[in-house]
Amino acid sequence: MSAAGSSNPEYVVARVRARRGSLYGDEEYRKLTRMGPAEIARFMEESSYGEEINALGSRHGGVDLIEYALNRNLAEQFDDILDWSEGTLYDLIARYLRKFDAWNVKTVIRGVYTDADQSAVEADLIRAGEFDDRRIRRLLEADSIDGVIEVLEDTIYGEPLREAYAEFEETGVLVPLENAVDRAFYERLLSGLGGDEPTRQYEAFLRAEVDFRNATNALRLARSGADIDPAAYFIEGGDLFTRSSLARLAQNLDELVEYIGDSQYGEELGPALRELEAADSLIAFEHAIDGALLAYGDRLGTIHPVSVTPVISYILAKERETENIRAIARGKEAGLSPDEIESELVIT
Amino acid sequence: MFEATNELGNLVLSTGGTLTNPSAAAALAVGLAALGAGYAERGIGSAAVGAMAEDDDLFVNGLILTVLPETIVILALVVVFIVG
């Protein structure tokens with residue numbers, strides 16, 4: 001029943017599905033890979049990115065223009081979704097969109113670490129999360145990592161970052177800080193989810209995402225052969241790994257690949273795993289993971305048409321689209337051939 | 001609340017069972033059908049408005065789909081003519 005405070009999935013899903021239809025498909029990507037940066041910008045201007053390209057066109061040009069337009073469009077679209085949704089639906093979507101807070105925190109930390117220009121960092125932020133403009137401004141004004149952590153003191157990221165800071169000071173690498181942010185986000189993501197069937201499916205989807213993230217982390221560690229404790233990078237909440245099994249498997253790449261192959265994700269990730277063994281390329285595997293997650297989200301969206309799942313599936317697809325366009329633009333800038341660029345894309 | 005229900009029950013019994021009266025039952029049937037149609041239209045309507053907000057061309061489709069559950073009320077009206 002429609003009462004104050006209840007959720008309105010019908011409305012949000014109808015709008016989201018309409019927007020989903022205007023995302024780029026195979027055909028558009030094929031065209032884009034054959035264009036130069038200026039042509040890509042013009043192509044985007046004629047599609048759903050027109051407003052952003054026009055707003056930013058006078059200040060930026062080339063690949064930067066594309067990049068900023070993509071970020072701004074992403075933030076706008078996701079803000080819209082949060083605007084439309086009410087009640088429990090809002091809570092479920094906001095949970096997921098907090099990952100942009102995590103992204104912003106990581107970007108700011110990287111910016112401070114590399115002494116980047118404040119406006120350069122600002123352009124890379126995606127303001128789709130929960131942080132308001134004031135907090136983002138304070139984050140941008142912080143001139144040391146300690147300062148950044150201070151601004152975040154009262155958020156879920158404060159404490160984990162504080163703990164990771166000691167390790168950062170010791171080693172001088174950003175990995176512990178970034179993992180602390182990721183972990184804080186994922187642990188919050190899965191806490192206190194309520195009980196109907198679509199929400200359980202949503203939870204299963206989030207667990208799959210945690211599993212995939214753990215698997216990529218473990219593969220990266222196993223591949224790099226670095227002497228880092230894998231358990232320290234474990235994210236709670238997944239089904240596939242436990243802290244100790246991840247630590248053990250990350251020691252041995254072959255065992256890890258076999259373990260993932262035997263798991264419930266084996267069917268979807270099988271081809272990518274074989275490729276990983278043959279070509280020794282992590283990129284293909286990471287793309288396969290993204291693809292599998294997209295397909296999973298789509299399937300859930302079809303099974304429960306009036307719930308949070310189609311919205312999440314749209315959010316994923318939209319993110320994918322911006323990443324694809326970014327890859328095309330950056331690839332063009334670096335002078336890659338259309339075929340090479342196409343291998344970088346994840347298209348479902 | 002409960003006292004009111006009791007009183008209503010007593011009233012019904014003393015007036016010779018209004019609710020077992022065929023006309024009253026038919027009216028109730030139409031009312032319940034309309035309630036069901038309204039509930040169905042709530043979901044369809046909000047989805048239709050959402051779709052229209054994205055694309056104006058969907059107005060006609062949205063309108064048709066929104067009023068489709070209304071047919072069930074018309075079918076329920078048939079009951080009135082059969083019983084009454």
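Letters A, B, ... are given to chains in the order of the sequence lines, protein chains preceding strands, and every chain is numbered from 1.
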Legend entry - A:Glu76 atom CD, over 12 foreign heavy atoms within 6.0 Å: yes

Legend entry - Top of B:Ser46, B:Gly45, B:Gly43 for chain A proximity - count of heavy-atom pairs under 4.5 angstrom: B:Ser46

Legend entry - Interface residues of residues 48-59 of chain B facing chain A - heavy atom cut-off under 4.5 Å: B:Val49, B:Gly50, B:Ala51, B:Ala53, B:Glu54

Inset, instruction - Please say whether more than 12 non-hydrogen atoms of neighbouring residues, nucleotides or ligands are located less than 6.0 Å from CG in B:Leu68. - result: yes

